[in-house]
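Input: a single structure, listed below in structure tokens.
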Amino acid sequence: MDKENIVGSLDIKHIGIIMDGNGRWAKKRFLPRKLGHSQGAKAFRSCLNSCVELGIPCVTFYAFSTENWSRPKEEVDSLMKLFCSFMDEMMKLNSKNIRLRFIGSRDSLPGEVRQKMEEAEAMSAENTGMWCCIAFNYGGREEIVNGAKHAAELYKSGEITLEELNEKNFSRFLYTSDLPDVDLVIRPSGEKRLSNFLIWQSAYAEFVFMDVLWPDFTERDLINALLEYGKRDRRFGGV
């Protein structure tokens, strides 16, 4: 199968990628964990370019979870600095027509990080190409709870009835309100769990778990995951 025809033949609209294994990659090489994260950022850039070339309409990368704040302060601080410097590079990708969106809570993030997010989203607002969503300070349960609170406020004010609050309408209260549900979740590193990532959106997603650590993740790994997805029989509860 030609590389250019893979996505079209699969009719895939949204991929979620859990970027896992940076710390273990560094540990295996007796390097500081922050170097693993730096190498993981390079893998992200490469994977994003591959997604553009393959014609994937939407991809969401899991970069930093609400649980990651429990890591050592030095590591968290280095991640925030890496994010800021990385966003400066992302600004240079505007020529690729990528639409950037950051999903997650921004309240507890450093001011510089929030500013970089706003600048990147504003810069790419008029683009019409692939959606690149970055889940940063993101938690799936928190997203659903916040969505429920929003719906409750609208119900209290009379703007929505209980009958109108169905699955389709509830989706508009989520960070991914105007994006398709996830078709495929890819998790490298050998772990086999969702880790609070896009819980609602991945209700009927297919999962591909891979033993490769994220910094070593290549286009070939991405294509192999897509080909594995192509073998699945998605019945959505039917027969």
Side-chain angles (χ1 to χ4, degrees), residues 3-4 6-8 11-19 22 37-66 68 79-140 142-143 146-147 150 171-186 197-198 200-202 205 214 217 219 222 226:
K3 172 180 166 180
E4 293 77 10
I6 292 175
V7 172
D11 189 29
I12 194 164
K13 296 179 177 65
H14 190 172
I15 294 175
I17 300 178
I18 301 174
M19 300 185 291
N22 295 335
H37 294 305
S38 297
Q39 198 66 27
K42 294 179 182 179
F44 168 84
R45 284 194 295 272
S46 175
C47 185
L48 179 59
N49 285 329
S50 296
C51 288
V52 172
E53 292 175 4
L54 287 164
I56 297 171
C58 179
V59 57
T60 299
F61 293 92
Y62 202 9
F64 188 86
S65 75
T66 51
N68 287 155
L79 280 168
M80 295 300 161
K81 291 179 181 177
L82 176 63
F83 177 84
C84 288
S85 62
F86 177 69
M87 287 314 302
D88 289 335
E89 292 187 37
M90 284 293 289
M91 297 287 222
K92 302 174 184 176
L93 293 178
N94 203 37
S95 60
K96 293 185 179 291
N97 201 27
I98 297 170
R99 291 178 283 184
L100 284 170
R101 177 183 297 182
F102 298 92
I103 63 174
S105 174
R106 303 188 187 186
D107 295 340
S108 57
L109 293 174
E112 184 181 4
V113 171
R114 295 198 303 270
Q115 181 181 346
K116 295 291 185 183
M117 289 178 168
E118 292 167 3
E119 290 175 355
E121 287 177 334
M123 174 202 69
S124 64
E126 300 301 320
N127 291 346
T128 58
M130 184 192 81
W131 275 108
C132 172
C133 300
I134 300 177
F136 200 86
N137 196 27
Y138 173 87
E142 181 180 77
E143 178 185 24
N146 288 341
H150 188 190
S171 293
R172 69 186 175 96
F173 301 123
L174 302 177
Y175 297 127
T176 56
S177 58
D178 55 345
L179 299 177
D181 281 342
V182 177
D183 298 301
L184 168 66
V185 174
I186 302 171
F197 177 59
L198 299 178
W200 179 280
Q201 299 88 337
S202 300
W214 176 248
F217 191 88
E219 181 177 82
L222 175 62
L226 291 170

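The basis for the numbers below is simple: all heavy atoms, side chains too, and nothing from hydrogens, waters or symmetry mates.
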Note, [X] side chain near [Y] side chain (heavy atom, < 4.5 Å):
X      : Y     : result
Trp214 : Ile17 : yes
Cys51  : Ile15 : no
Ser105 : Thr66 : no

Derivation of the side chain to side chain contact (heavy atoms under 4.5 Å, CB included) call for Met117 and Ile134: CA-CA 10 Å; Met117 289 178 168; Ile134 300 177; over 6 Å; no
Which residues pass the side chain to side chain donor-acceptor pair (under 3.5 Å) test with [X], sequence neighbours left out?
X      : answer
Asp11  : Lys13
Trp200 : Ser171
Asn146 : none
Ser65  : Glu67, Asn68

Which pair of heavy atoms, one from [X] and one from [Y], lies closest together, and at what distance?
X      : Y      : result
Thr60  : His14  : OG1-NE2, 2.8 Å
Ala205 : Val182 : CB-O, 3.4 Å
Cys58  : Met130 : N-CG, 4.1 Å
Leu79  : His37  : CD2-CG, 3.5 Å
Cys47  : Phe217 : SG-CE2, 4.0 Å
Tyr138 : Ile103 : CB-O, 3.8 Å

Residue list, ring pair (Phe, Tyr, Trp, His ring centres under 6.0 Å) with Phe173, at least two apart or on another chain: His150
With Phe197 via ring pair (Phe, Tyr, Trp, His ring centres under 6.0 Å) - residues at least two apart: Tyr62
Side chain to side chain contact (heavy atoms under 4.5 Å, CB included) evaluation trace for Leu184 with Ile12: CA-CA 8 Å; Leu184 168 66; Ile12 194 164; 3.9 Å; yes
Pairing residues for Ser38 by the side-chain contact (heavy atoms from CB on, under 4.5 Å) criterion, not counting sequence neighbours: Leu82
Sequence-distant partners of Lys81, side-chain contact (heavy atoms from CB on, under 4.5 Å), two or more places apart: none
Gap separating the CE atom of Met87 from the CE atom of Met123, nearest 0.5 angstrom: 7.0 Å
Spacing of Leu226 atom CG and Ile186 atom CD1 [to the nearest 0.5 Å]: 5.5 Å
Inter- and intrachain pairs under ring-ring contact (aromatic ring centres under 6.0 Å, His included), touching residues 99-127, at least two apart: Phe83-Phe102
For Asp107, all residues meeting salt bridge (charged side-chain N to carboxylate O under 4.0 Å, His left out), sequence neighbours excluded: none
Gln201 versus Thr176, side-chain donor and acceptor atoms under 3.5 Å: yes
Criterion side chain to side chain contact (heavy atoms under 4.5 Å, CB included) on Lys96 and Asn49, from CA distance to verdict: CA-CA 9 Å; Lys96 293 185 179 291; Asn49 285 329; 3.1 Å; yes
Indicate yes or no for a side-chain donor-acceptor contact from [X] to the backbone of [Y] under 3.5 Å, with no hydrogens or angles considered.
X      : Y      : result
Asn127 : Ile98  : yes
Ser46  : Lys42  : no
Arg101 : Trp131 : no
Arg99  : Ser124 : no

Evaluation steps, side chain to side chain contact (heavy atoms under 4.5 Å, CB included), between Cys132 and Leu48: CA-CA 8 Å; Cys132 172; Leu48 179 59; 3.8 Å; yes
Pairs where residues 116-132 contributes a residue and the test salt bridge (Lys or Arg N to Asp or Glu O under 4.0 Å) is met, not counting sequence neighbours: Asp88-Lys116, Arg106-Glu121
